[in-house]
Chemist: 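Pasting a structure here, questions to come.
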Amino acid sequence: MTEAIETVDVEQTYASAMDSVNLLNSMYDEGLTVSEEDLDTIQRNKGHLEVMLGKDFWTDAQDLAPFQSAVDRAK
């Protein structure tokens with residue numbers, strides 16, 4: 001049996017994670033952090049970024065500082 005080799009599109013994955021960063025930042029900047037739905041959105045996107053920070057396929061070409069900043073902001 002052959003194992004499937006997973007290929008990660010690092011740039012696409014980075015762009016997707018930046019969508020979470022931008023969403024979290026805009027929610028905090030606009031003060032949209034009060035409803036239960038807002039809090040769920042924050043936790044979901046924070047969790048996504050925490051998973052992305054743990055990945056080992058990043059290179060020096062990707063700046064992960066915005067990921068960490070958004071996670072720290074969403075505490």
Side-chain angles (χ1 to χ4, degrees):
M1 174 167 30
T2 9
E3 291 184 36
I5 298 174
E6 181 181 339
T7 303
V8 175
D9 183 339
V10 175
E11 290 304 315
Q12 178 59 45
T13 303
Y14 184 82
S16 295
M18 283 303 297
D19 288 342
S20 288
V21 168
N22 294 330
L23 176 63
L24 287 170
N25 286 334
S26 70
M27 289 182 77
Y28 276 96
D29 293 345
E30 296 171 19
L32 301 176
T33 60
V34 292
S35 77
E36 192 67 34
E37 184 178 336
D38 294 337
L39 296 175
D40 287 345
T41 299
I42 289 168
Q43 288 307 308
R44 200 170 43 254
N45 283 276
K46 177 183 174 184
H48 174 238
L49 291 173
E50 289 171 333
V51 167
M52 290 296 101
L53 282 167
K55 298 296 183 181
D56 64 358
F57 50 72
W58 302 118
T59 68
D60 290 340
Q62 295 85 35
D63 179 10
L64 302 183
F67 295 12
Q68 189 62 58
S69 293
V71 166
D72 291 344
R73 192 172 188 189
K75 287 186 177 179

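The shown structure was predicted, so the numbers you read here are calculated from the model rather than taken from an experiment.
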Chemist: Restricting to non-hydrogen atoms, name the atom on M27 and the atom on T41 that form the minimum distance, rounded to 0.1 Å.
Modeler: SD-CG2, 3.8 Å
Chemist: Can you list the residues that meet the side-chain hydrogen bond (donor to acceptor under 3.5 Å, both in side chains) rule with Q68, with sequence neighbours excluded?
Modeler: D72
Chemist: For residues 15-27, which residue pairs qualify under salt bridge (Lys or Arg N to Asp or Glu O under 4.0 Å), counting only residues two or more places apart or in two chains?
Modeler: none
Chemist: Can you tell me how far apart CG (L23) and NZ (K46) are? Round to the nearest 0.5 Å.
Modeler: 14.5 Å
Chemist: Measure the spacing between CG of L64 and OG of S69 and express it to the nearest 0.5 Å.
Modeler: 11.0 Å
Chemist: Which residues satisfy the side-chain hydrogen bond (donor to acceptor under 3.5 Å, both in side chains) test with T59, sequence neighbours excluded?
Modeler: Q62
Chemist: For a quick test of reading the model, state the closest non-hydrogen atom pair linking A17 to F67 and the distance between them.
Modeler: CB-CZ, 3.3 Å
Chemist: Using only atom types and a distance under 3.5 Å, with no angle test, would you say the side chain of Y14 pairs donor to acceptor with the backbone of D63?
Modeler: yes
Chemist: Tell me, please, which residues at least two apart from E37 pass side-chain hydrogen bond (donor to acceptor under 3.5 Å, both in side chains).
Modeler: none
Chemist: Report the residues that fulfil salt bridge (Lys or Arg N to Asp or Glu O under 4.0 Å) with R73, sequence neighbours left out, ordered by chain and then residue number.
Modeler: D29
Chemist: In chain order, what residues pass the side-chain hydrogen bond (donor to acceptor under 3.5 Å, both in side chains) check against E36, with sequence neighbours excluded?
Modeler: none
Chemist: Can you give me every donor-acceptor pair (side chain of residues 47-55, partner residue at least two apart or in another chain, under 3.5 Å) with its distance?
Modeler:
from : atom 1 : to  : atom 2 : distance (Å)
H48  : ND1    : S20 : OG     : 3.1

Chemist: Out of curiosity, N25 CG to E30 CD, how far, rounded to the nearest 0.5 Å?
Modeler: 10.5 Å
Chemist: Tell me, please, which residues at least two apart from D60 pass salt bridge (Lys or Arg N to Asp or Glu O under 4.0 Å).
Modeler: none
Chemist: Can you list everything that forms a salt bridge (Lys or Arg N to Asp or Glu O under 4.0 Å) with D40? Sequence neighbours excluded, please.
Modeler: none
